[in-house]
*Asks:* 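Structure provided below as structure tokens; questions to follow.
All heavy atoms count here, side chains included; hydrogens, waters and symmetry mates do not.
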Amino acid sequence: MSAIVGVHGIGKYRYYREAGNSVDGAAVAMRDKWDRYLHLGLTGGRPHARERYITEIAYYAHLLGESKQETARTVRGMDVGAQKVLVAWAGQLDAVGEGLTGTLNRVAGWLLGRLQGNAADFARLFCPEVAAYMAAGSQARARARAAVAEVIRRNRPKVVIAHSLGSVVTYETLWANPDLKVELLITLGSPLGMRDVIFDHLVPAPVNGRGERPRTVGRWVNIADKDDIAAIPPGLRTCFTGVDQEALVDLDWIDFHTVEKYLGCGALNAHLKPYLG
């Protein structure tokens, strides 16, 4: 079996805390869950028999800090950096023209009305971590990329599966480290194409409105739920060259962004089977 490295998304600091502030412990706990989720997708729901698919999870959540995203605060109570991200994100949903307060009120209402609070919880998770990572000159950004690079360099995987914010960290990491060669990059629920929030602030910067597949990646497959509010736009071919294949899936009207749903939906199967022996 070829080595497969996973790069997690948002809201994973709790694994670090639950493991007694251990990065290794957090990574192992997450790997075990990813294995179970992927097993369901590969077997169509057969009981898990301790198959090991994921070699290691590149864990970086602790480097973004234990922000306030896990408290029950309201959207108005977000810090300024998180608010700016949310306002830019709201612009993707046509919630524009009302200023900071109006936009926050409007998007909060949209979130609460659409998903009965679940999306509001998601927004509280999404914005602080994205703001911490994307901040110009952020030490957290450099450290997160270094952590992901170290795991990829040590394992030399043929496949990297990157979920959510992890797809952004992975994209920048692979560009910044040309010694890291990957045959297959799979991005799940990726916000890489989100204008104003992420796309325009990527390193390296897009040229003439287009990003590019990292040159050490053989193939890039992007999978997104058609209604995933983190993956706006869900398709990346409109703003990146080198996306070899895309799939829009319909996961769940509430759990539209979880790695459990993505790994278990079966959309990865055909791409992964050549590497599973």
*Asks:* Decide yes or no on side chain to side chain donor-acceptor pair (under 3.5 Å) for T187 and N222, but give the supporting numbers first.
*Replies:* CA-CA 5 Å; T187 50; N222 180 57; 2.8 Å; yes
*Asks:* Considering residues at least two apart in sequence or located in another chain, which fulfil the side-chain contact (heavy atoms from CB on, under 4.5 Å) criterion with E260?
*Replies:* Y37, T258
*Asks:* Take Y133 and Y60, measure what ring pair (Phe, Tyr, Trp, His ring centres under 6.0 Å) needs, and give me the verdict at the end.
*Replies:* CA-CA 11 Å; Y133 181 80; Y60 64 88; 7.3 Å; no
*Asks:* Can you tell me which residue pairs pass the side-chain hydrogen bond (donor to acceptor under 3.5 Å, both in side chains) test with a partner in residues 267-277, sequence neighbours excluded?
*Replies:* E183-Y275
*Asks:* Kindly state each residue pair satisfying ring-ring contact (aromatic ring centres under 6.0 Å, His included) with at least one member in residues 140-165, sequence neighbours excluded.
*Replies:*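 Qualifying pairs, neighbours excluded: H163-H257, H163-Y262.
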*Asks:* Any side-chain to backbone donor/acceptor pair from W175 onto E212? Under 3.5 Å, distance only.
*Replies:* yes
*Asks:* Using the rule that two of Ile, Leu, Val, Met, Phe, Trp, Tyr join whenever any of their side-chain heavy atoms come within less than 4.5 Å, decide whether Y15 and V28 are in one cluster.
*Replies:* no
*Asks:* Would you mind telling me which of T173, V5, V160 makes a side chain to side chain contact (heavy atoms under 4.5 Å, CB included) with V151?
*Replies:*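 Of the listed residues T173, V5, V160, the side chain to side chain contact (heavy atoms under 4.5 Å, CB included) partner of V151 is V5.
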*Asks:* Begin from the C-alpha positions of V182 and T216 and carry the test side chain to side chain contact (heavy atoms under 4.5 Å, CB included) through to its verdict.
*Replies:* CA-CA 6 Å; V182 175; T216 57; 6.0 Å; no
*Asks:* Are R36 and H39 close enough that some pair of their side-chain heavy atoms sits under 4.5 Å apart?
*Replies:*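 Answer no - side chains too far apart.
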*Asks:* Do D225 and K261 meet the salt-bridge criterion of a basic N to acidic O distance under 4.0 Å?
*Replies:*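 No, no charged N to carboxylate O under 4.0 Å.
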*Asks:* Can you name the side chain to side chain donor-acceptor pair (under 3.5 Å) partners of R210, sequence neighbours left out?
*Replies:*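 By the side chain to side chain donor-acceptor pair (under 3.5 Å) rule, R210 matches no residue at all.
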*Asks:* With rounding to the nearest 0.5 Å, note down the distance linking CD1 in I198 to CE in M134.
*Replies:* 5.5 Å
*Asks:* How many angstroms lie between atom CG of L42 and atom CG of D35, to the nearest 0.5 angstrom?
*Replies:* 10.0 Å
*Asks:* Shortest non-hydrogen contact from A19 to G25?
*Replies:*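 Looks like CB-C, 3.7 Å.
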*Asks:* Which heavy-atom pair separates G193 from P233 by the least distance, and what is that distance?
*Replies:*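 Of all heavy-atom pairs spanning G193 and P233, the closest is O-CD, 3.3 Å.
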*Asks:* State the NE2-NZ distance between H8 and K12, to the nearest 0.5 angstrom.
*Replies:* 8.5 Å
*Asks:* So do the side chains of L263 and L40 get within less than 4.5 Å of each other, counting heavy atoms only?
*Replies:*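 In short, these two side chains do not touch, never coming nearer than 4.5 Å.
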*Asks:* If only atom types and distance count, is the side chain of R156 paired as donor or acceptor with the main-chain N or O of R153 below 3.5 Å?
*Replies:* yes
*Asks:* Classify the ring geometry between Y13 and Y16 as parallel (under 30°), tilted (30 to 60°) or perpendicular (over 60°).
*Replies:* perpendicular
*Asks:* Can you see which heavy atom on P234 is nearest to which on L248, and at what distance?
*Replies:* CB-CD2, 3.6 Å
*Asks:* Indicate the atoms forming the closest heavy-atom contact of P214 with L174, along with that distance.
*Replies:* CB-CB, 3.8 Å
*Asks:* Could I get the full list of side chain to side chain donor-acceptor pair (under 3.5 Å) partners for E150, not counting sequence neighbours?
*Replies:*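 By the side chain to side chain donor-acceptor pair (under 3.5 Å) rule, E150 matches R154.
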*Asks:* Could you grab the distance from atom CD1 of I4 to atom CD1 of I57, nearest 0.5 Å is fine?
*Replies:*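 So the gap between those two atoms works out to 10.5 Å.
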*Asks:* How long is the gap from CG on L180 to OG1 on T170, to the nearest 0.5 Å?
*Replies:*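 Nearest 0.5 Å value for the CG-OG1 distance: 10.5 Å.
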*Asks:* For a quick test of reading the model, state the closest non-hydrogen atom pair linking I54 to G6 and the distance between them.
*Replies:*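 Smallest heavy-atom distance, with atoms named: CG2-N, 4.1 Å.
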*Asks:* Do Y53 and W34 have their ring centres less than 6.0 Å from each other?
*Replies:* no
*Asks:* Between E246 and L236, is any pair of side-chain heavy atoms under 4.5 Å apart?
*Replies:*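 E246 vs L236: side chains touch.
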*Asks:* Determine the minimum heavy-atom distance between T238 and G235, stating which atoms define it.
*Replies:*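 Reported closest heavy-atom pair: OG1-O, 3.7 Å.
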*Asks:* Using side chain to side chain donor-acceptor pair (under 3.5 Å) as the criterion, list what pairs up with S190, not counting sequence neighbours.
*Replies:*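 Per chain and number, S190 pairs via side chain to side chain donor-acceptor pair (under 3.5 Å) with S167.
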*Asks:* Examine distances only and state if a side-chain atom of E172 and a backbone atom of V203 form a donor-acceptor pair shorter than 3.5 Å.
*Replies:*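 Looks like yes, one N/O pair under 3.5 Å.
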*Asks:* Checking R213 against D244 for the side chain to side chain contact (heavy atoms under 4.5 Å, CB included) test, could you report, in this order, the C-alpha distance in whole Å, the side-chain angles of both residues, the deciding distance, and whether it holds?
*Replies:* CA-CA 9 Å; R213 180 180 67 200; D244 296 279; 2.7 Å; yes
*Asks:* Could you tell me whether the side chain of E56 and the main chain of A27 form a donor-acceptor pair under 3.5 Å?
*Replies:* no
*Asks:* Hey, mind stepping through L251 and D228 against side chain to side chain contact (heavy atoms under 4.5 Å, CB included) and telling me if it holds?
*Replies:* CA-CA 9 Å; L251 298 179; D228 190 334; 5.9 Å; no
*Asks:* Nearest 0.5 Å please: distance from the CD atom of Q245 over to the CZ atom of R237.
*Replies:*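 Between Q245 CD and R237 CZ, I get 7.0 Å after rounding to 0.5 Å.
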*Asks:* Given side chain to side chain contact (heavy atoms under 4.5 Å, CB included), test L185 with V221 step by step and report yes or no.
*Replies:* CA-CA 6 Å; L185 171 64; V221 174; over 6 Å; no
*Asks:* Measure the shortest side-chain to side-chain distance between D200 and P206 over non-hydrogen atoms and say whether it is less than 4.5 angstrom.
*Replies:*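 Side chain of D200 against side chain of P206, heavy atoms only: no contact under 4.5 Å found.
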